[in-house]
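Residue numbers start from 1 in every chain, and the chains themselves are labelled A, B, ... in the order their sequence lines are given, proteins ahead of strands.
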There are 2 protein chains.
Amino acid sequence: MPSTHRDVAPGPRPTSRDVARAAGVSQATVSLVLGGKWQGRVSPRTAAAVREAATDLGYRPNLAARDLRLGSTRTALLVVPALTSEFFGNVYAGAVAVAAEHGFGLVLYPSPQGVGTARNPFESTRGALDGVIASSMAADALREIRGSFPGGQALPLVMLDSAPPTAPGDPGHREPDAPAPAARDTTATVNHDLADGMRQVVGHLTGLGHRRITHLGAAIDSWTFRVRSRTFRESMATVPDAVPGSEPADLSVGGGQTAARRALTGPGPRPTALVCDDDTIAAGACKAVRRLGLSVPGDVSVTGFDDLSLATALDPELTTVRLPAQQLGAHGMRALLDLLAGSFTERPPLPVTLAVRDSTAPAPRR
Amino acid sequence: MPSTHRDVAPGPRPTSRDVARAAGVSQATVSLVLGGKWQGRVSPRTAAAVREAATDLGYRPNLAARDLRLGSTRTALLVVPALTSEFFGNVYAGAVAVAAEHGFGLVLYPSPQGVGTARNPFESTRGALDGVIASSMAADALREIRGSFPGGQALPLVMLDSAPPTAPGDPGHREPDAPAPAARDTTATVNHDLADGMRQVVGHLTGLGHRRITHLGAAIDSWTFRVRSRTFRESMATVPDAVPGSEPADLSVGGGQTAARRALTGPGPRPTALVCDDDTIAAGACKAVRRLGLSVPGDVSVTGFDDLSLATALDPELTTVRLPAQQLGAHGMRALLDLLAGSFTERPPLPVTLAVRDSTAPAPRR
DNA sequence: CTGTTAGCGCTTTCAT
DNA sequence: ATGAAAGCGCTAACAG
């Protein structure tokens, strides 16, 4: 008894031809309908029939074939310094959501130091790319990325927290990370308003009476941290009697601890507040404070950046600048889409807020 | 002046035909040589010529075309509960390294709760897959994954810390997560030796004189946490005078804090040690201890699982079970490769070690 | 040893 | 309003 059920198709994946056959039309019609461009070219009745046949068979287009035909892969690459931080997890989540809405795929490349991965992102990458999004990358890593792409400069690139905004009418001085003018139309930047965040930190601290404040800056040569340093100096300069200090710190708990110890035990009067470039450094700073027999925030106030879950895991909970990483990713993907459509316009940086918790308190009197 | 430089090819990506032309051979020969299967079919001289032409032009094969032709994509999907934890960052790093060695791609799917992502991993996935690796997934999520794949049961699946090992000759009792026999040959498991980890924790604590020990177990129905609970009970049962307790905890700092408060303020004598299913819960537990005016480890010892960077960010640093997440990923990818090659054999679980730090101390006397 | 050929599944003119 | 046919870049039979 040869059974030829039509709706329970076993065997391999159905193709658009199978759908066509099932709907009694041609492959071209199927493509039109399923591609959403059948308005006024295919009768509503046949369109419906095609769609029914498609769902019936559980048809899913073969991406490889489509990509081959179209030349474009509708895929972007997200380059991050390390996957290990929840910050980048959030950036990814934001970006991938927007990508999905527009039928784009997003593949991850955890950059340089990521253990065991190929040095060149494009070697490790499957197929071709329509663009790349780079988040919080160091200046040289970024250069390397652009350079290493075969046919380089043409690839649309959006940088997240990685470069100053491309000022439309700004002549003269150019920051080291600023994209070369030639690449202007294939490059976009999306940033958190880090300067404002730092200003809020300094305002909060000076408002509490702190004057001797030391900045524990991440020892990484990238825009995202340079802004913090510069704004810290500028903000402190506006406060009478302010005594700013600064200590470079490795981007880790241990790094923060070491830097904080240096800051706290150096010559001159001891700072009453430590402003850290990141929550991890802040965690180290808190440890250092206690190792010296001092207390947070009684003797020394400590602040961070990011507002990772680490911030509330610490005790006391960390006062920190909350960066909407997910939004950053989402805006980044949107910017890339705009770039691809040739319609990108720079937007203002993403606003950030200061989450005031228990690691900051009024400066100890004398 | 029409210039026709051959070695500085501008314009679009070179194809294998371009390489063929440049090397003065046919496309087929190029494919053979670059595919590495020319032994005894192409003369070494021509092979060399082809390779030179290829590098010369900066040729990179078009993956879409290759995939279309081969039907297979050499791509695996890694499903993780959330990208936000560095644990999964490490799993990914380990897996992607092995994948790259074998010319495989690895795409990430941060599962269910991940904001804004499609519910079905295969909808969000570009192109076809050769297999999937699922890490530390809850039982139902795992079921859903298998079910949702079009043509389901056939897809090779390796589960990391997600199910008991497939005991070759084990009849009778089957755990709820155990793969159905039908799927046996397309399913593999790779696990940390979590039971041993828990045994080490209990041994360490009872060695320090603790008897009233409460387990703060993650409130998630998955194998990885069930093993911890069961082993905790079993281990405690072997210790005379031991008074085991247990409290479910949400997998977060807040969850740990709440659970610990319940454990510490409940009726009966207060536990002197809290065994947590994960470092995050442990962080919350430490906070709870202090909120009650007690100290870690003076009054209450606390232990975790994972050994994330959080463990040393805390103060005092956390005694915790170190799980080699990166190895887990690597072994997982290898297992998938073996499955694909039809030559998988179950291996013993990955050994874990107890990192003894400052959050555990001898039990307070009386 | 090397070249010719066919075809993977899809989109897109161009006819009808 | 629909169908026929070509071709994206690659690999694998099959000839020579």
Side-chain angles (χ1 to χ4, degrees), chain A residues 9 11-51 53-54 57-75 103 126-128 130 150-151, chain B residues 9 11-51 53-54 57-75 103 126-128 130 150-151:
Chain A
R13 257 174 83 171
T15 75
S16 74
R17 251 172 65 161
D18 297 330
V19 176
R21 204 156 12 225
V25 298
S26 88
Q27 224 183 342
T29 308
V30 172
S31 179
L32 255 2
V33 172
L34 266 32
K37 37 188 78 167
W38 56 280
Q39 304 292 18
R41 301 207 256 176
V42 175
S43 78
R45 277 189 18 79
T46 26
V50 167
R51 264 197 285 269
L57 300 182
Y59 169 74
R60 299 190 335 128
N62 179 324
L63 265 287
R66 184 212 294 267
D67 289 347
L68 179 55
R69 179 65 233 249
L70 265 358
S72 125
T73 53
R74 297 183 77 80
T75 295
R126 328 266 314 146
D130 288 352
Chain B
R13 259 175 82 171
T15 75
S16 75
R17 249 170 71 159
D18 297 330
V19 176
R21 202 155 15 222
V25 299
S26 87
Q27 223 183 341
T29 309
V30 172
S31 178
L32 254 0
V33 172
L34 267 31
K37 37 187 77 166
W38 57 280
Q39 303 293 18
R41 303 207 255 175
V42 175
S43 79
R45 278 191 14 80
T46 25
V50 167
R51 262 197 286 272
L57 300 182
Y59 169 75
R60 299 190 334 130
N62 180 324
L63 265 287
R66 185 212 293 269
D67 289 347
L68 179 55
R69 180 65 234 249
L70 269 334
S72 126
T73 53
R74 296 183 77 79
T75 296
R126 328 265 316 145
D130 288 352

Have a look at [X] and say if it touches a base, only the backbone sugar-phosphate, or nothing, with a 4.0 Å heavy-atom cut-off.
X	result
R66(A)	sugar-phosphate
G40(A)	sugar-phosphate
S31(A)	base

Which value, rounded to the nearest 0.5 Å, describes the distance between [X] atom [atom1] and [Y] atom [atom2]?
X	Y	atom1	atom2	value
T75(A)	D67(A)	OG1	CG	6.0 Å
Q39(A)	L32(A)	CD	CG	10.5 Å
S16(A)	R21(A)	OG	CZ	10.0 Å

* Heavy-atom pair of closest approach, residues L57(A) and P14(A) ->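 Residues L57(A) and P14(A), closest heavy atoms: O-CG, 3.5 Å.
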Could you check how far [atom1] of [X] sits from [atom2] of [N], rounded to whole Å?
X	N	atom1	atom2	result
L34(A)	dG9(C)	CG	C1'	13 Å
N62(A)	dG7(C)	CG	C1'	13 Å
R45(B)	dT2(C)	CZ	C1'	14 Å
W38(A)	dT12(C)	CH2	P	17 Å
Q27(A)	dC14(C)	CD	C1'	16 Å

* Structure fact -> Of the candidates dT12(C), dG9(C), dC10(C), the side chain of L70(A) sits closest to dT12(C)
* Asked: Which comes earlier along DNA chain C counting from the 5' end, the contact point of T29(B) or that of L68(A), where each point is its nearest nucleotide?
  ->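 The residue mapped nearer the 5' terminus is T29(B).
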Just so I know, are the side chains of [X] and [Y] near enough to count as touching, which here means a heavy-atom distance under 4.5 Å?
X	Y	answer
T15(A)	N62(A)	no
V30(B)	Q27(B)	no
V50(B)	W38(B)	no

* Structure fact -> Whichever of R17(B) and T46(A) has the more 5' nearest nucleotide on DNA chain D, that residue is T46(A)
* **Range on DNA chain D touched by chain B - first to last nucleotide, heavy-atom distance under 4.0 Å** =>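 Nucleotide range in contact with chain B: dG9(D) to dA12(D).
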